[in-house]
Amino acid sequence: MTPSVASGNPGGDRQDNDMNLFTELRTVVTEAIAAMQAAGELPEGLDLANVAVEPPRDAAHGDMATNAAMVLAKPAGLPPRKIADTLAARLAADPRIAAAEVAGPGFLNLRLKANVWQRLVGAVLSQQGEFGRSAMGQGQKVNVEFVSANPTGPMHVGHTRGAVVGDALAKLLAFAGYDVTREYYINDGGAQVDVLARSAYERYREANGQEPQIAEGLYPGDYLIPVGQALKDLYGDSLLDQPERVWLADLREFATEKMMEMIREDLAALNVEMDVYSSEKALYGTGKIEAALQRLRDMDLIYEGVLEPPKGKTPEDWEPREQTLFRSTLHGDDVDRPVMKSDGSWTYFAPDIAYHFDKVERGFDQLIDIFGADHGGYVKRMKAAVAALSNGRVPLDVKLVNLVKLFKNGEPFKMSKRAGTFVTLRDVVDQVGPDVTRFVMLTRKNDAPLDFDFDKVLEQSKDNPVFYVQYANARINSVLRKATEAGVPVDDLTLAATDFADLTHEAELALIRKLAEWPRLVEIAARNNEAHRVAFYLYELASDFHGLWNRGNDEVSLRFLQDDTATSQAKIGLARATGVVISNGLGILGVTPVEEMR
RNA sequence: GCACCCAUAGCUCAGCUGGAUAGAGCGUUGCCCUCCGAAGGCAAAGGUCGCACGUUCGAAUCGUGCUGGGUGCACCA
């Protein structure tokens, strides 16, 4: 029973067998357990949730291992070895299983018949881009909010990592059967856009031949110079020497729009496309903030009160103040959080509550926010708000993206021509390209710091994962070209129909096993909301492929192109299947596979 | 003072729903290219998974308490 895939899969139907060997074998195991229950060998009503079928870490233990006997021993009141022995006998009868052996404290190691592996190559070739796609998400609506950089300048490296992490996660979740929306929250409602307007005004004065006065606190970057010029084109000299109240609102609007244009271009340079841009400013005056807070008030979660001063490090100017507070402590936060300042204006938190409420009301089943690591302190209150506003229905997962440390020639690299004070996304992408940028940004867990060395990421060597994976794909394409030149038909239809019984060597089977892991890896990565696992998997897959290639140096029988056409097709089919999975994986990372290394 | 994140080989890091003898790359050491697939390959050494208790048949993984590092802590966003 394969549920229909909800999104991003217009083809809809697939084969009944989804070729996730791990779930397939787990079914075999659970059916055997059911048969044992029917035969009175095991009691009824056992919880099978913890029964796992996994690849053993040590290949010597077989192709698959299950912990079923150990998990069931206690509830069944039977010794694990006894359960394992009976289960082994039943499993050995399955046509897919060559051997079932009991090992250790009660592990059951399964060895699969070679044709199970060989069939998988054909399945990859016929399913192509669909191989590994999962129905796990069941079409649930997930909102991934990421980047959300303030519209006050170009995107910097930190945003870049957040953009890549968010976009790759969105692609991963879509592949795992979720209905994904990518969203950008524009912080255009706070004091920082006033600062932007004032900064733009100075550039406007500059465009009119005056000396700009970039005071402390204003944005000094060169990127505002064209904005000043554009303002001159629009207003001529009419705003010169005018007080701020005359121009502030207009310039804020104008400059914010320009900054968002720039940010959209930055995102485009990285091949990131948002589905929705939400504006903070647009929440004001619509009653949305009030409505969200009213909802909290109805739950008695809003009150007027005075917070305790923070312990240990009291700010110099601290004084007791009555504020409107959100009782976030009821939902796991450490202290209650102000939503309204003492002067009656909203804090940043208030529109953010309204924004997240809006996401809940739009019917998302799951929310994911990608924040910079410096926003870690914001996580609990945001989760508290979402929990309260959705009555606990909608989980919010917050992914904190850690720092990117830049290096050039082994030296820390901090300067940017364009922005003056920080390294921009463009500084990176213009130099190494979007593909390398994206891959490298995914070679660490999101919460670990990342070193990015401009030289190393372009290096053509084994310790550069980007190159190593791309090189594998290039070699595969090279084999296909050579086969075609040699007159061997290697189109996908032909290869998919090939008999792969010739693939019996351990190095070939090892590569197939790695391919078989792909559907499982997609689900694990999606369950954890962690796209970096795909990058690590691809490196391992490439490593297995290169390993097979290298063995071909010594053992001619392991080369892909053989004298015999049918044998060539089987071996090239394996190479091509590897290429399919590499392409699928790179697709999730948003990286274009290269056909040729230059 | 509190909260969050992190701690795994000399270095940089993976490690799935708890699973068997904890992995990779770099570095180190030793082998391997007249040529046929070397922008390399094979192999070895290298570990108190920060520490201590606990839960469990089983803990790098879960819990508690420590230690060390990072981040953040009322009218900033």
Side-chain angles (χ1 to χ4, degrees), chain A residues 49-52 54-58 60-61 65-67 70-71 73-74 79-80 103-107 109 148 150 152 187 189-193 195 280 306-315 317-325 333-338 340-345 347-349 351-352 372-380 398 400 402-403 443-451 459-465 467-468 471 475 478-479 482 517 520-521 523-525 527-528 530 532-533 535-537 539-540 543 546-547 549-554 556 558-561 597:
Chain A
N50 290 323
V51 173
E54 297 173 322
R57 200 152 41 195
D58 187 342
H61 290 138
T66 179
N67 59 357
M70 286 180 293
V71 171
K74 187 177 260 188
F107 282 104
N109 293 328
S148 299
N150 285 345
T152 56
N187 294 125
Q192 78 278 6
V193 282
V195 175
E280 176 193 355
V306 180
L307 288 174
E308 295 285 308
K311 295 236 162 43
K313 193 189 107 185
T314 308
D317 59 344
W318 194 90
E319 57 183 58
R321 254 183 289 251
E322 186 168 272
Q323 298 164 304
T324 307
L325 299 166
D333 204 354
D334 311 302
V335 289
D336 292 338
R337 304 293 178 175
M340 191 183 276
K341 304 174 196 170
S342 49
D343 69 0
S345 64
T347 65
Y348 171 79
F349 189 34
D352 222 349
D374 55 341
H375 284 60
Y378 205 66
V379 174
K380 280 192 180 180
V398 179
L400 297 178
N402 217 313
L403 294 175
T443 54
R444 288 286 176 271
K445 289 183 290 213
N446 58 280
D447 51 14
L450 170 78
D451 288 351
E459 201 172 276
Q460 302 202 331
S461 73
K462 186 175 178 176
D463 57 318
N464 178 1
F467 167 77
Y468 200 58
Y471 186 34
R475 274 182 159 171
S478 151
V479 167
K482 282 190 179 160
E517 277 180 38
R520 183 167 183 268
L521 182 111
E523 295 193 347
I524 291 171
R527 186 162 46 235
N528 293 287
E530 290 179 339
H532 76 272
R533 290 173 190 267
F536 281 95
Y537 168 81
Y539 183 80
E540 290 167 15
S543 178
H546 288 305
W549 178 284
N550 289 326
R551 292 189 67 156
N553 291 330
D554 298 327
V556 178
L558 287 180
R559 295 187 186 179
F560 294 98
L561 197 49
M597 303 307 294

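To find a chain, count down the sequence lines: A is the first, B the second, and so on, and within it residues start at 1. Hydrogens, waters and symmetry mates are skipped; everything else that's a heavy atom, side chains included, is used. It should be emphasised that the depicted structure is a prediction, and the values quoted were computed from it without experimental measurement.
Atom name P, nucleotides A44(B) and A22(B): the rounded distance is 16 Å, in whole Å. Remark: the separation of the C1' atoms in U17(B) and U12(B) is 29 Å, to the nearest Å. Taking atom C1' on both nucleotides, G50(B) is separated from G68(B) by 7 Å, rounded to a whole Å. Straight-line distance between the P atoms of C11(B) and U28(B): roughly 15 Å, to the nearest whole Å.
Classification of the Phe467(A)-Tyr471(A) ring pair by plane angle, with boundaries at 30° and 60°, yields parallel.
In this model, a side-chain donor or acceptor of Arg520(A) finds a partner on the base of C16(B) within 3.5 Å.
No contact: Phe349(A) has no heavy atom under 4.0 Å from any strand. Counting any heavy atom pair closer than 4.0 Å across all strands shown, Glu540(A) reaches no nucleic acid atom.
An OP1 or OP2 oxygen of C6(B) is reached within less than 4.0 angstrom by no side-chain nitrogen or oxygen of Lys445(A). Between Asn446(A) and the phosphate of C5(B), there is no side-chain N or O to OP1/OP2 separation shorter than 4.0 Å.
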Please convert RNA chain B into dot-bracket. A pair counts if it is Watson-Crick or G-U wobble with both distances under 3.5 Å; crossing pairs go in [ ] and bases paired with another strand get |.
(((((((..((((.....[...)))).(((((.......))))).....(((((..]....))))))))))))....

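The 5' end of RNA chain B is approached more closely, in terms of each residue's nearest nucleotide, by Ala448(A) than by the other of Gln192(A) and Ala448(A). Mapped onto RNA chain B by nearest heavy atom, Phe560(A) and Arg533(A) fall at different nucleotides, with Arg533(A) at the one closer to the 5' end.
Side-chain atoms of Gln192(A) come within 3.5 Å of backbone N or O of Asn187(A) as a donor-acceptor pair. A donor-acceptor pair is defined here as one N or O able to donate and one able to accept, closer than 3.5 Å; no such pair exists between the side chain of Asn109(A) and the backbone of Ala65(A). Here the side chain of Asn67(A) pairs a donor or acceptor atom with the backbone of Ala52(A) at under 3.5 angstrom.
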Please list, pair by pair, any protein nitrogen or oxygen found under 3.5 Å from a nitrogen or oxygen in nucleotides 20-25 of chain B.
residue : atom : partner   : partner atom : Å
A20(B)  : OP1  : Arg57(A)  : NH2          : 2.6
A20(B)  : OP2  : Arg57(A)  : NE           : 3.0
A20(B)  : OP2  : Arg57(A)  : NH2          : 2.1
A20(B)  : O5'  : Arg57(A)  : NH2          : 3.3
A20(B)  : N6   : Asn109(A) : OD1          : 2.4
A20(B)  : N1   : Asn109(A) : OD1          : 3.0
A20(B)  : N1   : Asn109(A) : ND2          : 3.1

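For Asn67(A), the side-chain atoms get nearest to G19(B) when compared with the rest of A14(B), C6(B), G19(B).
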